[in-house]
Participant: 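Before anything else, here's the structure in question.
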Amino acid sequence: MTTDEIPAIVERHLDDQGGLISILEEVQAKFGYLPADALTIVAETTKRPLVDIYGVATFYRAFSLTPRGEHLVSVCVGTACHVRGAPRVAAEFERQLDVKPGETTPDRKFTLETVNCLGACALGPVVVVDGHYFSHVNASKVREIIEKTREGLDKIEIKTDRRIFPVEVSCSRCNHSLMDPEHPIDGFPSVKITQSFGQQHGWLRLSSLYGSYNIEEEYKTPYDTVLHLFCPHCHTELIGGSDCPECGAQMVPLILRGGGTVQICPRRGCKGHILDVG
Amino acid sequence: MINLKINGLPVMVEEGTTLLEAAKFLGFPIPTLCYMEGLSPYGACRLCVVEIGEGSKAKLVTSCTYLAEEGLQVRTASSRVVRARKMILELHLASCPQSKTIQDLAAAHDVRQQRFRQEYEDCILCGLCVRMCEEQMMAKAIGFRNRGQNRSIGTPFDIKSEQCRLCGGCIYVCPACQLRCTYNEPDKAICGACANLSPPCVEKEEFDDMMCYMDPCVACEITGKKNSEK
């Protein structure tokens with residue numbers, strides 16, 4: 001990402017009343033923060049004085065003028081959390097990450113901030129890391145939270161989450177099983193199908209856990225492309241499902257062992273799916 | 001034309017006239033700090049409060065921003081207004097005691113002490129300089145930054161602004177004192193002209209026997225003078 005893209009971002013928001021906040025939000029999403037150069041360019045392209053842009057950028061807590069870390073740790077120190085010991089939690093985060101609130105660790109992994117209320121007072125003290133809420137936090141849980149964050153919070157806890165279960169699927173045309181026990185994902189046999197995008201054909205392995213979106217692929221396909229998926233056995237294209245409830249692409253139907261079908265969205269990155277158990 | 005009564009006196013003003021202008025027309029004094037002719041009214045210092053309405057519906061409004069209304073009853077010096085004004089001055093004194101303008105206003109309104117935690121800010125955030133820069137100098141070099149406790153006035157990133165022509169207009173209008181003039185750091189300076197920081201009461205002889213009610217007084221603290229020596 002370079003600052004060259006900023007005029008395009010500004011262009012997109014010109015109609016909605018100037019849309020300065022939307023512009024800054026988008027710039028921040030690209031860079032992770034608002035660099036000084038970017039603000040100057042926003043000022044030039046919107047033809048607004050830099051003081052106004054700077055004023056808005058410094059007014060809202062959501063904007064940051066200093067680089068933020070990969071993970072954002074927000075410790076609630078609102079009244080309800082405060083009386084339940086949030087200051088001790090905040091102090092423990094400060095000690096373990098060795099930064100003050102508002103600062104980022106030198107390795108750019110963590111940014112620590114305190115917030116005044118997250119509206120989840122009954123769960124207090126509350127800590128939010130990258131959108132994941134941790135409730136009833138005390139100082140002894142801080143290490144666990146940091147460790148979990150380092151491992152990746154999006155990783156699903158298969159053993160503890162009962163909404164997640166393995167499925168076995170087969171081709172909707174030849175009824176050949178698509179399961180590949182040789183190559184497990186999430187500890188279960190993966191679902192192997194052939195994907196095609198442009199000139200490239202290669203295997204795609206999906207996690208067979210319902211609720212997990214982990215995949216592996218032979219060729220990296222760009223985010224947001226709609227893939228063509230084929231059965232590796234009869235080589236027919238897996239097609240003919242209903243429209244994806246999330247993005248509208250035509251879904252790929254697969255037969256569930258034990259009856260019923262599951263339809264998955266072929267759009268890379270889309271989590272749309274329909275489970276229909278007989 | 002709009003008819004209203006100020007302190008019982010009927011007055012006829014054009015639509016769009018503020019209460020402050022109407023009161024001035026009749027000669028009723030209303031103290032102001034953040035108001036200046038030629039700049040848009042802002043209502044930040046609250047010093048120009050007046051009471052409008054009757055009975056239980058009476059309320060305090062800032063006269064510099066409140067437009068005249070038909071049949072409005074305005075009181076510019078009721079006991080409630082005077083009390084509010086004194087409190088506002090005390091608050092200004094609490095944040096910015098070294099300002100000559102504020103001290104003079106406080107003295108004129110018989111404020112003898114301030115009861116709040118003493119701070120020594122150099123800015124009351126009245127925004128006069130910001131409006132001066134924008135509306136009269138057409139520069140927009142300075143503006144408000146941050147918010148709440150951390151709100152401040154200055155250039156973006158605290159560096160010399162390309163928009164700034166060093167006109168000094170901001171320093172000229174500032175009621176609080178050494179405003180943004182960072183004198184000895186030329187890179188950060190807006191004007192560079194105002195290098196004289198010494199408070200007036202210390203250097204000039206005629207202030208020697210001045211009655212000073214500020215305790216502690218910043219000027220005295222700077223020069224090491226003790227209150228008892230005065």
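Owing to the predicted nature of the structure, the values given are computational and were not obtained by experimental measurement. Quick note on labels: first sequence line is chain A, next is B, and so on, each numbered from 1.
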Participant: Where the side chain of Thr17(B) meets the backbone of Ala68(B), is there a donor-acceptor pair that is under 3.5 Å apart?
Facilitator: no
Participant: Determine the option with the most heavy-atom pairs under 4.5 angstrom with chain B, choosing from Val51(A), Val56(A), Leu65(A), Ile53(A).
Facilitator: Val51(A)
Participant: Quick check against the 3.5 Å criterion: does Gln118(B) have a side-chain atom that pairs as donor or acceptor with the backbone of Ala94(B)?
Facilitator: yes
Participant: At a 3.5 Å cut-off, give me the donor-acceptor pairs between chain B and chain A, one pair per line with the distance.
Facilitator:
residue   : atom : partner  : partner atom : Å
Lys140(B) : NZ   : Asp52(A) : OD1          : 2.5
Lys140(B) : NZ   : Asp52(A) : OD2          : 3.0
Asn146(B) : N    : Thr58(A) : OG1          : 2.9
Arg147(B) : NE   : Phe59(A) : O            : 3.0

Participant: Check whether Arg75(B) reaches the backbone of Gly53(B) with its side chain - one donor and one acceptor, N or O, closer than 3.5 Å.
Facilitator: yes
Participant: Given a strict heavy-atom distance threshold of 4.5 Å, which part of Phe144(B) is in contact with chain A: side chain, backbone, both, or neither?
Facilitator: backbone
Participant: With only heavy atoms counted, which part of Leu39(A) is less than 4.5 Å from chain B, the side chain, the backbone, both or neither?
Facilitator: side chain
Participant: Treating Gln136(B) as the side-chain partner and Gly38(B) as the backbone partner, does any N or O pair qualify as donor plus acceptor under 3.5 Å?
Facilitator: yes
Participant: Is Ala141(B) close to chain A through its backbone or its side chain, or both, or neither, when contacts mean heavy atoms under 4.5 Å?
Facilitator: backbone
Participant: Sequence neighbours left out, what passes side-chain hydrogen bond (donor to acceptor under 3.5 Å, both in side chains) with Tyr42(B)? Give chain and number order.
Facilitator: none
Participant: Output yes when a side-chain donor or acceptor of His92(B) lies under 3.5 Å from a complementary backbone atom of Leu105(B), and no otherwise.
Facilitator: no
Participant: With the threshold set at 4.0 Å, does a side-chain nitrogen-carboxylate oxygen contact exist between Lys59(B) and Glu51(B)?
Facilitator: no
Participant: Counting only heavy atoms not in Glu37(B), do more than 12 fall under 6.0 Å of its CD?
Facilitator: no
